[in-house]
Asks: 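One structure, pasted below without further comment.
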Amino acid sequence: QLQLVQSGGGLVQPGGSLRLSCAASANTFKYHAVGWFRQVPGKEREGVAATGASDSRYYYVDSVKDRFTISRDDRDSTVFLQMNSLKPEDTGVYYCAADWGTKLRHTEDYLRPEGYDYWGQGTQVTVSS
């Protein structure tokens, strides 16, 4: 059972930056695909960024391309989300997720919450002046 513990988040002004971290409990993390999702009240959880376990492919929702960067450090079993040029519409609760990847058969699957079994506790990101 993989446990994910998130840190980071908070309040930032439009145009600012934040970095989210997600630490995994096991070194098998390096064999997991990982992703970041966000959710606002009344809406479904949305995939923001993801990457596979053993490749250099990265997946982003169009609204964050060229602003957000997902990265992972498998030595420390941690995944990061660097968020730059933040906008008010980026506000939400952000979740990290991981999975062995058995359900991630197509590119679009990486940004679907149904593809992941392990989830962090969530952290609030608020972009407001």
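All residue numbers refer to positions in the sequence shown, counting from 1. Remember, predicted model here, so these are calculated numbers, not experimental data.
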Asks: Looking at Gly9 and Thr123, what are the two nearest heavy atoms and their distance?
Replies: CA-OG1, 4.0 Å
Asks: Check whether any side-chain heavy atom of Ser71 lies under 4.5 Å from a side-chain heavy atom of Val79, and answer yes or no.
Replies: no
Asks: Minimum heavy-atom separation for Ala26 to Ser77, with atom names?
Replies: O-OG, 3.5 Å
Asks: Looking at the rings of Trp119 and Phe37, which for Trp means the six-membered one, are their centres under 6.0 Å apart?
Replies: yes
Asks: Quick one, Tyr59 with Thr51, criterion side-chain contact (heavy atoms from CB on, under 4.5 Å). Give me CA distance, side-chain angles, the key distance, then yes/no.
Replies: CA-CA 6 Å; Tyr59 310 91; Thr51 184; 5.5 Å; no
Asks: Among all residues two or more places apart in sequence or in another chain, which pass the salt bridge (charged side-chain N to carboxylate O under 4.0 Å, His left out) test with Asp62?
Replies: Lys65
Asks: In terms of hydrophobic clusters joined by side-chain contacts under 4.5 Å, are Ile70 and Tyr31 together?
Replies: yes
Asks: Roughly how far, to the nearest 0.5 Å, is the CG atom of Asp90 from the OG atom of Ser128?
Replies: 12.5 Å
Asks: For Arg105, enumerate each residue passing the side chain to side chain donor-acceptor pair (under 3.5 Å) test, keeping only those at least two apart in sequence or located in another chain.
Replies: none
Asks: List in chain and number order the residues that pass salt bridge (charged side-chain N to carboxylate O under 4.0 Å, His left out) with Asp74, two or more places apart in sequence or in another chain; answer none if no residue qualifies.
Replies: Arg72
Asks: Output yes when Asp109 and Arg112 qualify as a salt bridge under the 4.0 Å nitrogen-oxygen rule, no when they do not.
Replies: yes
Asks: Is a side-chain N or O of Thr102 found less than 3.5 angstrom from the main chain of Trp100, in a donor-acceptor match?
Replies: no
Asks: Sort and list the pairs that fulfil salt bridge (Lys or Arg N to Asp or Glu O under 4.0 Å) and have at least one residue in residues 40-53, not counting sequence neighbours.
Replies: Arg38-Glu46
Asks: Taking only residues two or more places apart in sequence or in another chain, which ones pass side chain to side chain contact (heavy atoms under 4.5 Å, CB included) with Val125?
Replies: Leu18, Leu20, Met83, Tyr94, Val127
Asks: What residues form a side chain to side chain donor-acceptor pair (under 3.5 Å) with Gln3, not counting sequence neighbours?
Replies: none
Asks: Kindly write out the residues that satisfy ring-ring contact (aromatic ring centres under 6.0 Å, His included) with Tyr95, not counting sequence neighbours, or none if the list is empty.
Replies: none
Asks: For a quick test of reading the model, state the closest non-hydrogen atom pair linking Leu81 to Val48 and the distance between them.
Replies: CD2-CG1, 4.5 Å
Asks: OH of Tyr118 to CZ of Phe29: how many Å apart, nearest 0.5 Å?
Replies: 13.0 Å
Asks: Applying side chain to side chain donor-acceptor pair (under 3.5 Å), which residue pairs with at least one partner in residues 5-20 are found, sequence neighbours left out?
Replies: Ser17-Asn84
Asks: Considering residues at least two apart in sequence or located in another chain, which fulfil the side chain to side chain donor-acceptor pair (under 3.5 Å) criterion with Thr126?
Replies: Gln124
Asks: Nearest 0.5 Å, what's the CG-NZ distance between Asp73 and Lys30?
Replies: 12.0 Å
Asks: With clusters defined by side-chain heavy atoms of hydrophobic residues (ILVMFWY) lying less than 4.5 Å apart, directly or transitively, does Phe80 cluster with Leu4?
Replies: no
Asks: For residues 97-129, which residue pairs qualify under disulfide bond (SG atoms under 2.5 Å apart), counting only residues two or more places apart or in two chains?
Replies: none
Asks: Would a distance-only check, ignoring hydrogens and angles, find a side-chain to backbone donor-acceptor pair under 3.5 Å from Tyr116 to Leu111?
Replies: no
Asks: Strictly distance-based, threshold 3.5 Å: is any side-chain N or O of Asp76 a donor or acceptor partner for the main-chain N or O of Thr78?
Replies: no
Asks: I need the full list of disulfide bond (SG atoms under 2.5 Å apart) pairs touching residues 73-129, with sequence neighbours left out, sorted by first then second residue.
Replies: Cys22-Cys96
Asks: Going by the salt bridge (Lys or Arg N to Asp or Glu O under 4.0 Å) test, which pairs reach into residues 117-129, not counting sequence neighbours?
Replies: Lys103-Asp117
